[in-house]
Every structure is written in C-alpha cells, then in structure tokens.
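Read through the structure below, which is laid out as structure tokens, and then see the notes.
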Amino acid sequence: MKRPDRRLVAVAIAALLISTAATCQQTQNRTPEGVIAEYGVKIARTVGVAQEAVGAVGKASQVPAVRQGALDALAGLELVNQKGLQLASVLGIINQARAAGQPVSPSTVAQALALVDAIDTDLLTAVVPKLGSPEAKAALDAVRAIGKLILNIQLQLGKAS
Amino acid sequence: MGGAVGAIQLVTQIAVESNLAVSTIFALIKGVRDAWPKKIVDAEGNVVEEPPLPDAQLTAIMEAEFSKNSARNAELQAEIRAGNLPTG
C-alpha cells in the first residue's frame, strides 16, 4: 500500500480541526436571554411580514367583515409588538448585568419567559381568530410561523410539554 | 468546464496521495469554507468580516424591528380605514 504524503495528511487534519473548532464555537451553550434574543429578532421580522399580509387582506377586500377582521388582527399584532418591546427592554437589563459581571436575577429571566408566553397567548386569542376568512389564509400562515418560532424558544429552554 | 475537471482531478490526486476518501476531502474543504468568517462588502466596497452577533446587539435589533413594526401597524390600519367600501 502506498504511504500517504504526510504534508497532505497534515493539511487535511488542520482543515478538520479548524472546521471542528468553528462548529464548537457556534454551538456553545447559549444563555436563556441569548436564545430569546436570537429568536426575538426572527419573531419581530416575521411579525412584520404578517402585518403586511394582514394589511393586504384588509385593503383588498370589499367585505366589511373581512376588513374589520384585518383591523382586529392588526390590533392584536400591535399587542405583540408592545410585548416585544417590553421583552427587548428586559433582555437589555440582563445584558447589562452580564456585561457588568453581576449576577442575573432569576426573576428577570422569568419575566422574559413570561413575556414570550404572553406573546403566544396574544397570537392565539387576539390575532388568529380574526383571520378566519379564506382571503386571510396567507396572513394566517405568517402568524402561525410566529407561533413556531415561539415554540422553538420554549423547546430550547425546556418549557414546552 | 476545464477548471472544474482540473479541480476534480486535483482532489482525486490528493485523496490518493493522502489515502483519504474523495468524499472526505470534499467534506474537509466544505468544513473550512463554512467555518471561515463570512465576508461582506460595505458601501465603499471594502470587505468587512461578519462576526457572530452578540446578545446585546441582537436585543438592539429586536427593539428596532418591533418599533418599526408598531409604526407600520398604525399606517396599515389607517390605510384600511381610508379604503372606499361599496355603498348600498
């Protein structure tokens, strides 16, 4: 059997080590607020998409009930926006504590998780029921995508059953 | 086309010389490419490395996005209300 060129093997091993090190860096344990912030950005952008879809339904429809449903759904999404802003504020407090090397209060983390749950509740009670018309299917799909992101947070933080 | 054939021949030769499978060589190359910091180009055309975003920056982006959403939400509601409905 032909002996492998040691230089080539060294290059291959170095490449393997570099890729492994980078992967480890990417998958290092994230803090709860890190998980929430990462998904929080995605949730915020998905809410933006959902708003545009709901707005398009309302503007396009000549049926008063559909227009009112769109208005109500937008009002529900605004509740989500306000809770999202509260959540960002709480995460900011946690970030400042970590940056200062101070312990993070468990109650502050719990507050952040409670806001995530509250956003989920708002979607289920104030948005989804308002999008029952056939014209609102695309908007409903966008709203459900937000719910999936929230579920990912809950799963990663061990909350979802 | 010639470049692609040459690349495949080179990878094959490396695999033979190093006694590693061709698929392993490709996997290693892909791993290095994926692990390398992604580069973006700014407005001046300068290449800028894209580091992973820290939590504080993610939080700031989150706040900005929700604020933008809130403003846009009000606009959309106004646009819906301003739309003309058929009379009668």
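Predicted model only: the values in this text are computed from it and were never measured. We name chains A, B, ... by the order of the sequence lines, and we start the count at 1 in each one.
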>> Under the side-chain hydrogen bond (donor to acceptor under 3.5 Å, both in side chains) definition, can you give me all pairs with a residue in residues 83-93 of chain A, not counting sequence neighbours?
In response: A:Lys83-A:Asp122

> If you take all heavy atoms of A:Gly84 and B:Met62, which pair is closest and at what distance?
Replying inline: O-CE, 3.9 Å

> Between A:Leu87 and chain B, which part of the residue has a heavy atom less than 4.5 Å away: side chain, backbone, both or neither?
Replying inline: both

> With hydrophobic residues grouped by side-chain heavy-atom distances under 4.5 Å, do A:Tyr39 and B:Ile61 end up in a single group?
Replying inline: yes

>> How close do A:Val47 and B:Phe66 get, counting heavy atoms only, and between which atoms?
In response: CG2-CE2, 4.5 Å

> Between A:Ile94 and B:Asp55, does a side chain to side chain contact (heavy atoms under 4.5 Å, CB included) hold up when you go through it step by step?
Replying inline: CA-CA 10 Å; A:Ile94 297 174; B:Asp55 291 352; over 6 Å; no

> Which side-chain hydrogen bond (donor to acceptor under 3.5 Å, both in side chains) pairs, counting each pair once, include a residue from residues 123-133 of chain A, with sequence neighbours left out?
Replying inline: A:Ser133-A:Glu135

> Would A:Leu71 and A:Leu79 show up in the same hydrophobic cluster when neighbours are defined by side-chain heavy atoms closer than 4.5 Å?
Replying inline: no

> Among A:Leu91, A:Val41, A:Asn95, which residue meets the side-chain contact (heavy atoms from CB on, under 4.5 Å) test with B:Leu58?
Replying inline: A:Val41

> Is the number of heavy atoms from other residues, nucleotides or ligands within 6.0 Å of NZ (A:Lys137) greater than 12?
Replying inline: no

> In Å, rounded to the nearest 0.5 Å, how long is the span from OG1 of A:Thr46 to CD of B:Glu65?
Replying inline: 10.0 Å

> Which heavy-atom pair separates A:Gly92 from B:Thr59 by the least distance, and what is that distance?
Replying inline: N-CG2, 3.8 Å

> A:Leu77 and side-chain contact (heavy atoms from CB on, under 4.5 Å): which partner among B:Leu76, B:Asn69, B:Asn73?
Replying inline: B:Asn73

>> Assigning hydrophobic clusters by single linkage (Ile, Leu, Val, Met, Phe, Trp, Tyr; side-chain heavy-atom cutoff under 4.5 Å), is A:Ile43 placed with A:Leu157?
In response: yes

> Hey, which of A:Gly58, A:Ala88, A:Ala44, A:Gly34 has the most heavy atom pairs under 4.5 Å with chain B?
Replying inline: A:Ala44

> Is there a chain of hydrophobic side chains (I, L, V, M, F, W, Y, each step under 4.5 Å between heavy atoms) that links A:Ile93 to A:Leu115?
Replying inline: no

> So what's closer than 4.5 Å to chain B heavy atoms on A:Gln82: side chain, backbone, both or neither?
Replying inline: side chain

